[in-house]
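Keep in mind that this is a model prediction, so the values were computed, not measured.
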Amino acid sequence: MALPQPKIDALEARIAGLTLPEGGWSEAARKDALSRLTAMGLPHARDEYWKFTRPAKLVEAEVTPATVLDEDEMPIFDAFDRLKIVFVDGVFDAEASDDLSLEGVSIDRLAESQDIHWAKDIYGVLETRGQDPVERSLAALNTAFATDGLLIHVHGKPSKPISVIYRHESETSDAVLHHVVKVDAGAEATILENGPAAARFNNVMEVEIADTGKLHHVRAQGRDHERRAATHVFARLGKESVFKTFTLTVNGVLTRNECVLEFTGDDAVGHVAGACLGDGDFHHDDTVFITHDAVNCESRQVFKKVLRNGAVGVFQGKILVKPDAQQTDGYQISQSLLLDDDSQFLAKPELEIYADDVACSHGSTSGAIDEDSLFYLRARGVPRGMAEDLMTIAFIAEAVLEVEDEALQEEINARVEAWLARRRD
Amino acid sequence: MLEIKNLQVKLEEEDKQILKGVDLTVEAGKVHAIMGPNGSGKSTLSYVLSGRDGYEVTDGTATLAGEDILDMEPEERAAAGLFLAFQYPVEIPGVGNMTFMRTAVNSQRKARGQEEMSSTDFLKLVREKAKELKIDADMLKRPVNVGFSGGEKKRNEILQMAMLEPKMCILDETDSGLDVDAMRLVADGVNALRDEGRGFLVITHYQRLLDHIQPDVVHIMSNGRIIKTGGPELALEVEKNGYEHLKEEVA
């Protein structure tokens, strides 16, 4: 079907300034991606999949400037022993980064990789699989035009997390980064991501986990309130593998985090979780699609949103269970804590099940802070603001508990506490 | 310690008068009991004193150690030394019992201009008090009251009371839902806190709690008023003859 003219014009305007990198192992994949993108066009407010989130600021030709923050007041993960890799406005910063060698893992950069590379089997491949049945054209744009990214091959058990740190120094930066992660059988790693990346950020991570491999992904988006970010995680899980991804989001006028998970091997575990705290001009969208195409796999989606002063939270989560995916255990919960009448939570939970021996459950709730609990805390002398903060941290706890490492859980809670304390009356 | 004069209270949402002029003075070092049938206003009295929303004081005063408490926020009343042991302690998933108690203790100390208690001192104290109430380490670690039995919840209330060392303790039907052993444990906890400087107001339906926590004064409440005041023998009279008999007598 031919694309309507306005969509063609919008796409042309958006990609006018971008160049398709030529040569190297990724060229074919990039060209494929461009043809997919041309067929799909960019998201539009009238698209069903973008019903709750207006994509205009993510697709506009000229980036709306975003104020650059002075200094990190309290960067997350700082106290952790980690391998630091820094991108400034989407450009790799060798000086600020550690040496990329670490036992158990090999790390290359997309912009510098050789003609032959293992990532060729994954780059754009998982993204392509994730385009059906729902189009994710921003991810196709990313595959075509990504300027850099990390190619992380986990073949052992690295002693420390691989930490990707984003920095924002230009008010009009428009970053497109594409990471590929391959986890071998029996290998295990943790990847951290944090920091303001750019005025507009389009980030894709493709994750292929072989049988019995394990990957933990913990991400923090925050502070740079004016950013616009669209991120995608595409993961394919082999037999008995484990993938857990958690995102903390505080602030941000527009964030869309999509996660597409596919179980292709039996007995695997995939958890996607997120906690977000929004105050005022804040729009946060979590869109998740999980496909069970193997026997006895466990998927969990746990999303908690704390919204106030007119903040908006969106959750679109789907579990698709294919005919042969028996003994599937799928769980999905999305909840919002609305701290006033102006804030909004929009949720679209979906289950599509073709196997007959499965246990899938989903739930979605919106509510205010429980008055009885609040009174109980206050009657013991805890001031109202602090009592509300305690209840808020309790509310997001189920999502934070999805982070396996307890020290990281504490780090996340500390971040949330600091954020709440700054906003306390 | 606690002085209530002509306290009149109606529900905020509807035009229904619950307390119709309550006069009551609890002296430091004394235990007063309030008994009365369902719907007599006993629990309302405890909620109004502790500052729960939903009630409107239409007349009268209540002071704690000379300070007017009715205009205070609930947390200010707590810091001033008022403690309510809830009839139905609230379960708060996600908030650890220890975190909750440490936050409460330190919030009150801060409000009173005292130094906050260090984690080490707090831990030592809470373990010591918990042991007396047979509260194990697991109960301290769990979220507030979540998965606690009726007896455990009430013991947790008494533990909080012991940690906060209030001037004035109100126990709202602390005996409800307790078996004999649990009641004894709770009563022992309360008795251990009886002190020259501390007042108690024990609200109950039944006389049996008063076998374990012996009151100095017993009040009978009915239809929003205290209709009779006497010594411990009054509780025994209620047990024997019921409330109807008393109501008739007063009428």
Check: B:L84 main-chain N/O paired with A:R380 side-chain donor or acceptor under 3.5 Å
yes
Inter- and intrachain pairs under side chain to side chain donor-acceptor pair (under 3.5 Å), touching residues 189-198 of chain B, at least two apart:
none
With under 30° as parallel and over 60° as perpendicular, where do the rings of B:Y47 and A:F375 fit, or are they tilted in between?
perpendicular
May I ask you to test the A:R384-B:E73 pair for a side-chain heavy-atom distance under 4.5 Å?
no
Can you find a pair of side-chain heavy atoms, one from B:E91 and one from A:D372, that are under 4.5 Å apart?
no
Among [options], single out the residue with the greatest number of heavy-atom pairs under 4.5 Å to chain A.
options: B:A80, B:P74, B:G94, B:G51; answer: B:P74
options: B:T103, B:N145, B:V144; answer: B:T103
options: B:E76, B:M101, B:E157; answer: B:E157

The interface call for B:R77 against chain A, heavy-atom contacts under 4.5 Å, is neither
Heavy-atom proximity to chain A below 4.5 Å, by part of B:P143:
neither
Considering only heavy atoms, which portion of A:I393 lies under 4.5 Å from any heavy atom of chain B: side chain, backbone, both, or neither?
neither
Answer yes or no: are there more than 12 heavy-atom neighbours, outside [X] itself, under 6.0 Å from its atom [atom1]?
X: B:K30; atom1: NZ; result: no
X: B:Q114; atom1: CD; result: yes
X: B:E12; atom1: CD; result: yes

Check the pair A:E371, B:V90 against side chain to side chain contact (heavy atoms under 4.5 Å, CB included), reporting the backbone distance first and the verdict last.
CA-CA 10 Å; A:E371 286 295 328; B:V90 181; over 6 Å; no
State, to 0.1 Å, how close B:V95 and A:A394 come at their nearest heavy-atom pair, and which atoms those are.
CG2-CB, 3.6 Å
Most heavy-atom pairs under 4.5 Å with chain B, out of A:S373, A:A387, A:A379, A:G381, belong to A:G381
